[in-house]
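These notes concern the structure reproduced below.
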2 protein chains.
Amino acid sequence: MNLISVTDIKHKISSVGLKATSQRIAIYQAVMKLKNHPTVEMILEEISPLHPSISVGTLYKNLETLVEVSLLEKVKSEEGNYRFEANLDKHNHIYCSNTKEIIDYQDDELDLILFEYFKKKKLKNLKINDIRLQISAERLNINKEISIQ
Amino acid sequence: MNLISVTDIKHKISSVGLKATSQRIAIYQAVMKLKNHPTVEMILEEISPLHPSISVGTLYKNLETLVEVSLLEKVKSEEGNYRFEANLDKHNHIYCSNTKEIIDYQDDELDLILFEYFKKKKLKNLKINDIRLQISAERLNINKEISIQ
DNA sequence: TTATTAAATAGGAATTATTATTGTTTAATA
DNA sequence: TATTAAACAATAATAATTCCTATTTAATAA
């Protein structure tokens, strides 16, 4: 996900009817900037140098609010805590079992295959909103980039 | 997932080098029986009538142990707590946003499509172990069965 | 069947993660 | 500039999980 400017963030926040406070901007920036779908603790660490008085309660509340208005999303994980992301583009997640990372994987061709596959399916009592992959994997070398081409 | 007998459960547990204690059997049975990928609290409620003295700490420890020896699996969720399942067959999860259910969806044809798709991909620095769908959906009627045909 | 022993367990303290509460502060608007 | 509903701080309360230590027990050998 590409980082966006403070002005754009302000606009995103205002346009959903929220006040574009400095904390909300900082939270959104932190989630964008942190690479590994951060936990609350990670976000707090990232923010507290510039906002040392930020309250944990307010951080939780702001994260919840930003998720409710669909500016952020919660990421599914088996860890037993919350994780967040700012990338709202459709993408899949690679869960690295050895490094505990959650890595984005975007693949338009695959998205199309899945879309066409489920278009032919008869759904009973169910409305599908989104289909993504959960890819379980191991990172082979901690220092090298991962790719799927 | 089909329920299996106490004898079979004992055998599963013993064969991975663990003692097949009555608690471990009860835990495994509870996870099999409970339909919605239960939390620790749900498992505790299911077990405590027959094992009223079971300690929460031991329950957590046993669940962790059973996951480590791959008799149970943790289920990915955005809820911020652990969820478990006993179904080790390859399957996908439907996450119902309105009812908060996590429903199994098995589709061999789709598994094959995905397998073939990723066989052609060049992986760099990554070993894929498993690929599943994360289907976000809404249950349309709370009283009717869900199906994808 | 008995003795042994490492593993399992209870019980609850400790820690971590999250939510609730209440008074204070502030961004946006008129 | 004044107003006000929303945002915030601070922390208590609650919920979820892990840690610790003494006790119990399943499995095994004899």
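We name chains A, B, ... by the order of the sequence lines, and we start the count at 1 in each one.
The salt bridge (charged side-chain N to carboxylate O under 4.0 Å, His left out) check on B:Lys76 picks up A:Glu78, with sequence neighbours excluded. Applying the salt bridge (charged side-chain N to carboxylate O under 4.0 Å, His left out) criterion to A:Lys121, with sequence neighbours excluded, gives B:Asp107. Taking B:Arg24 as the reference, nothing meets the salt bridge (charged side-chain N to carboxylate O under 4.0 Å, His left out) condition, with sequence neighbours excluded. Applying the salt bridge (charged side-chain N to carboxylate O under 4.0 Å, His left out) test to B:Lys127 and every residue at least two apart in sequence or in another chain returns A:Glu138.
Other members of the cluster containing A:Ile102 are A:Val75, A:Tyr95, with ILVMFWY side chains joined at under 4.5 Å, either directly or via other members. B:Ile142 belongs to no multi-residue hydrophobic cluster, having no ILVMFWY side-chain contact under 4.5 Å with any other such residue. The hydrophobic side chain of A:Leu112 is isolated, with no ILVMFWY side chain under 4.5 Å apart from it.
For the helix from C:dT1-D:dA30 to C:dA30-D:dT1, the rotation axes defined at the first and last 5 base pairs enclose an angle of 40°, given to the nearest 10°.
In this structure, the side chains of A:Ile103 and A:Arg139 come closer than 4.5 Å at one or more pairs of heavy atoms. Residues B:Leu133 and A:Leu114 have side chains in contact (heavy-atom distance under 4.5 Å, counting atoms from C-beta outward).
First and last contacts of DNA chain C with chain A, using any nucleotide atom under 4.0 Å from a protein heavy atom and ordered 5' to 3', fall at C:dA17 to C:dA28.
Contacts between residues 14-21 of chain A and DNA chain D, counted as heavy-atom distances below 4.0 Å, involve A:Leu18, A:Lys19, A:Thr21.
For the residue pair B:Thr99 / B:Glu101, a side-chain donor-acceptor distance below 3.5 Å is found, with atom types taken as modelled.
Among pairs with a residue in residues 26-45 of chain A, those fulfilling ring-ring contact (aromatic ring centres under 6.0 Å, His included) read A:His37-A:His93, at least two apart in sequence or across chains.
In this structure, A:Lys61 places its NZ atom 11 Å from P of D:dA6, rounding to the nearest Å.
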Worksheet item: What string of B, S and - do you get for nucleotides 10-20 of chain D, 5' to 3', when a contact is any protein heavy atom under 4.0 Å?
Response: BB----SBBB-
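Remark: A:Lys74 fails to qualify as a cation-pi partner of A:Phe84 under the 6.0 Å distance and 45° angle criteria applied to the six-membered ring.
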